[in-house]
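Residues: numbered from 1 along the sequence shown. Source: prediction; values computed, not measured.
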Amino acid sequence: MGWQDVLRWPRAEDPRAALVAPIEQALRALGWVVGEVGPPRAVTSAFGSDDGMPFEQWLGQVFLPRLHEARADGQWPPRSDVAAAAYRNLDGQPGVEPLLRLLAQLDELINKGIHALRG
C-alpha cells in the first residue's frame, strides 16, 4: 500500500459539518429558510441585533450561509454561543426544540473542540 492508497481512503466527516444539513432542514421546516442559501448577509452586530434583524432572519440569512462556508473550507470559529442566543430569542415558539438541540450540539463540538470528542 502506497501513499496514493491513503488518499483514496474515505475520510471521517467532521462532526460539525455533519450538523449543517440537519440545521438547514430544521430552519426550512420552521419556514425560516426558503429557496437557495445565498452568501451571508452583512451585519454589524452579534446576531444582527443592532441591525434590526429578527433572530430567525439572522439564522437563515447570516448563520446558515456561514455554516455552509465553514463546512466548505474547514474554517470553524473558535467559539460558538448560538444555542444560548437561540434559547433566549426563541423561547416559547412552537416547533423549535429540534433546532435548539442541533444548535446546542454544534456549540458543544465547537467549544470543546472536535479532537476532544473523538477520544
Side-chain angles (χ1 to χ4, degrees):
M1 174 188 313
W3 65 271
Q4 293 172 335
D5 295 318
V6 172
L7 294 177
R8 288 190 205 109
W9 286 354
R11 291 183 177 162
E13 184 174 15
D14 182 330
R16 298 167 297 187
L19 288 172
V20 175
I23 289 171
E24 181 173 344
Q25 291 170 353
L27 290 169
R28 288 184 184 280
L30 290 163
W32 299 343
V33 172
V34 178
E36 203 170 311
V37 176
R41 182 171 161 191
V43 292
T44 59
S45 62
F47 309 113
S49 59
D50 291 345
D51 298 279
M53 181 182 292
F55 186 74
E56 298 89 330
Q57 186 179 357
W58 177 85
L59 284 170
Q61 295 183 8
V62 179
F63 178 70
L64 182 61
R66 287 181 181 168
L67 281 183
H68 280 278
E69 288 177 349
R71 181 178 60 187
D73 64 19
Q75 299 296 312
W76 296 89
R79 178 141 186 85
S80 178
D81 293 312
V82 71
Y87 279 102
R88 273 194 312 274
N89 286 280
L90 304 176
D91 186 40
Q93 290 195 32
V96 298
E97 293 79 14
L99 175 63
L100 294 175
R101 282 191 297 275
L102 290 165
L103 296 175
Q105 289 174 9
L106 181 65
D107 279 359
E108 181 179 5
L109 288 170
I110 289 173
N111 296 335
K112 284 187 174 181
I114 62 167
H115 302 296
L117 295 175
R118 287 185 179 168

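- Side-chain atoms of D51 do not come within 3.5 Å of backbone N or O of M53 as any donor-acceptor pair.
- Between L90 and E56, some side-chain heavy-atom pair lies under the 4.5 Å cut-off.
- Scanning both residues, P39 and P65, for their nearest heavy atoms gives C-CB, 3.8 Å.
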Identify each donor-acceptor pair in which a side-chain atom of residues 24-38 lies under 3.5 Å from a protein atom, sequence neighbours left out, and give them as a table.
residue, atom, partner, partner atom, Å
E24, OE1, H68, NE2, 2.8
E24, OE2, R28, NE, 3.0
E24, OE2, R28, NH2, 2.9
R28, NH1, G35, O, 2.9
R28, NH2, G35, O, 2.6

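- Here the closest non-hydrogen pair linking A21 and R71 is N-NH1, 4.1 Å.
- Taking the side chain as every heavy atom from C-beta outward, Y87 and V82 never approach each other to under 4.5 Å.
- The shortest non-hydrogen separation linking L109 to R16 is CB-CG, 3.8 Å.
- For the pair D107 (side chain) and A83 (backbone), a donor-acceptor distance under 3.5 Å is present.
- The local environment of CG in D73 is crowded, with over 12 non-hydrogen atoms from other residues, nucleotides or ligands closer than 6.0 Å.
- Taking the side chain as every heavy atom from C-beta outward, N89 and F47 never approach each other to under 4.5 Å.
- For the pair A86 and L103, the tightest heavy-atom approach, listed with the atom from each and the gap, is CB-CD1, 3.7 Å.
- Atom CH2 of W76 and atom CD of E69 lie 11.0 Å apart (nearest 0.5 Å).
- Note that CD of E13 and CG of L19 are 9.0 Å apart. Values are rounded to the nearest 0.5 Å.
- Considering only heavy atoms from C-beta on, V20 stays 4.5 Å or farther from L106 through its side chain.
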